[in-house]
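Since we're looking at a predicted model, the values are computed, not measured.
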Amino acid sequence: MATIVGGITTSHIPAIGNAIAKGKQNDPYWKPFFDGYPPVRAWLDAVKPDVAVVVYNDHGLNFFLDQIPTFAIGAASQYSNSDEGWGLDVLPPVSGNPALSWHVIESVMADEFDVAMCQQMTIDHGVMVPMSLLWPGGGTWPLSIVPLEVNTVQHPLPSPARCYRLGKALGRAIRSYPEPLKVVVLGTGGMSHQLQGERAGFINRPFDLMFMKTIANDPDALAGYSIGDLVAAAGSEGVELIMWLVMRGALGDRVSTIHSHYHIPVSSTGAGVLVLENAA
Ligand code: DHB
Ligand code: FE
């Protein structure tokens, strides 16, 4: 059977993609951010996952305001990347795993999550920036992906509780897949940021640090937030933290924090990275 080797959460700020493209990892502005990632890559080198289920939010590239599903799962054999306007290099496509995708789709549907099924999906910085941080090497990706997209663009958004429960259904789906695949679950986005309106530039460091601790020990407390609570505490784009709750739901009740790193600001955002493993 497939096993979930652990979960990773990471911010996906587009400026990181440009910093990587320009080799700025050791610049004074960027070094404290990039220093958070060697331990994550060391963990990945040790556990060697075959597939990443990447929980992310599309930013108007594959889905636009005319048609937005709440949850969408990719079932393609390959995913191309494109840039929706940040000036990012277009990176090589990433392989999919359609058999695992269809198993996850069937399993979460049986669990009453009526997801959109996408046999074609173009992936944006919400996937590619984390891929470049975790598997650097200019696009020679060492594993395949199953993208799971969550709407954070057009309200009403799915509640944190619903996202956490989707994560639990995702965990059941992966663990019931008959092939002996090692699967890592990524939740991308966050942490606190607001890119628009009166509070543009808003970052809430105490909230972010609380969230990083609590997602490991008491995810039910975070699942009790409403979308309005999250916007108030983390900013209008800070709602991307619902992706972290999907990832957390896929893990077991008790987890160990293998690595945790937080740095502000990166562009307009509090940048956090976590590696969680199921507790023995
Ligand atoms: C920024 C952060 C994001 O999550 C995003 O999707 C776009 C921009 C930023 O901080 O610049
Ligand atoms: Fe984003």
Side-chain angles (χ1 to χ4, degrees), residues 1-10 37 39-56 71-79 92-113 115 117-119 121 123 127-128 130-137 139-150 164-188 216 219 243-259 273-280:
M1 300 301 261
T3 51
I4 299 178
V5 293
I8 299 174
T9 59
T10 172
Y37 286 82
V40 189
R41 291 194 289 268
W43 179 81
L44 284 167
D45 280 346
V47 299
K48 292 192 177 36
D50 303 298
V51 187
V53 174
V54 185
V55 184
Y56 80 108
F71 300 120
I73 297 183
S77 54
Q78 182 170 290
Y79 301 94
V94 190
S95 296
N97 184 326
L100 177 61
S101 288
W102 283 113
H103 173 82
V104 170
I105 288 167
E106 287 187 16
S107 182
V108 301
M109 290 283 262
D111 255 334
E112 301 183 350
F113 283 92
V115 295
M117 300 164 249
C118 303
Q119 299 194 60
M121 209 169 180
I123 46 181
V127 177
M128 300 318 285
M131 293 292 295
S132 308
L133 280 166
L134 303 181
W135 296 283
T140 47
W141 315 116
L143 78 181
S144 56
I145 63 167
V146 171
L148 193 169
E149 198 276 333
V150 179
Y164 184 51
R165 286 202 299 274
L166 172 62
K168 292 193 174 213
L170 172 65
R172 286 191 286 275
I174 296 168
R175 287 189 296 271
S176 63
Y177 188 64
E179 305 283 322
L181 288 179
K182 290 190 278 181
V183 181
V184 63
V185 181
L186 269 51
T188 93
M243 255 58 68
W244 292 38
L245 281 168
V246 179
M247 180 287 296
R248 181 63 185 86
L251 301 183
D253 289 342
R254 289 185 49 251
V255 297
S256 312
T257 301
I258 304 298
H259 175 65
V273 55
L274 271 181
V275 179
L276 303 179
E277 263 181 10
N278 282 319

Check: Val184 and Leu134 side chains under 4.5 Å, non-hydrogen atoms: no
CG on Leu186 to CG on Leu148, rounded to 0.5 Å: 12.0 Å
Heavy-atom donor-acceptor pair, Arg248 side chain to Gly7 backbone, under 3.5 Å: no
Rounded distance (nearest 0.5 Å) linking atom CZ of Phe113 with atom CD1 of Ile105: 14.5 Å
4.5 Å side-chain heavy-atom contact, Val183 and Val146: no
OG1 on Thr188 to CE on Met128, rounded to 0.5 Å: 12.0 Å
Short side-chain to backbone donor-acceptor contact, Arg165 and Gly249, under 3.5 Å: no
Side chain proximity check, Leu100 to Leu181, heavy atoms < 4.5 angstrom: yes
Heavy-atom pair of closest approach, residues Ala72 and Cys118: CB-SG, 4.0 Å
Where Val47 and Glu277 come nearest, the two heavy atoms and their spacing: CG1-OE2, 4.4 Å
Least distance between heavy atoms, Gly96 atom then Tyr79 atom: CA-CE1, 3.6 Å
Worked check of side-chain contact (heavy atoms from CB on, under 4.5 Å) between Ser176 and His103: CA-CA 9 Å; Ser176 63; His103 173 82; 3.0 Å; yes
Minimum side-chain heavy-atom gap Gln119-Pro98 below 4.5 Å: no
Separation of Leu274 CG from Met247 CE (nearest 0.5 Å): 6.5 Å
Residue of the set Thr3, Leu143, Ile8 for which side-chain contact (heavy atoms from CB on, under 4.5 Å) holds with Pro49: Leu143
Distance-only side-chain donor-acceptor flag, Thr10 / Tyr37, under 3.5 Å: yes
Evaluation steps, side-chain contact (heavy atoms from CB on, under 4.5 Å), between Trp141 and Ser132: CA-CA 9 Å; Trp141 315 116; Ser132 308; 4.0 Å; yes
Non-hydrogen atoms of Leu251 and Gly6 that approach each other most closely: CD2-C, 3.9 Å
Main-chain N/O of Lys182 paired with Asp50 side-chain donor or acceptor, under 3.5 Å: yes
Contact check, side chains of Glu149 and Tyr56, non-hydrogen atoms, under 4.5 Å: yes
Side-chain touch Ile145/Met131, heavy atoms, less than 4.5 angstrom: yes
Inter-residue atom distance Ile258.CD1 - Trp43.CH2, 0.5 Å rounding: 7.5 Å
Shortest non-hydrogen separation from Val185 to Ala250 and the atoms involved: CG2-CB, 4.2 Å
Flag side-chain contact, heavy atom, 4.5 Å: Val104 against Val53: no
Contacts of Arg172 that satisfy salt bridge (Lys or Arg N to Asp or Glu O under 4.0 Å) - sequence neighbours left out: Asp111
Separation between CD1 of Ile174 and CD1 of Ile4, rounded to the nearest 0.5 Å: 4.0 Å
Where Thr257 and Ala216 come nearest, the two heavy atoms and their spacing: OG1-CB, 3.5 Å
More than 12 heavy atoms from other groups under 6.0 Å of CG on Asp45: yes
Any side-chain heavy-atom pair of Trp135 and Val94 under 4.5 Å: no
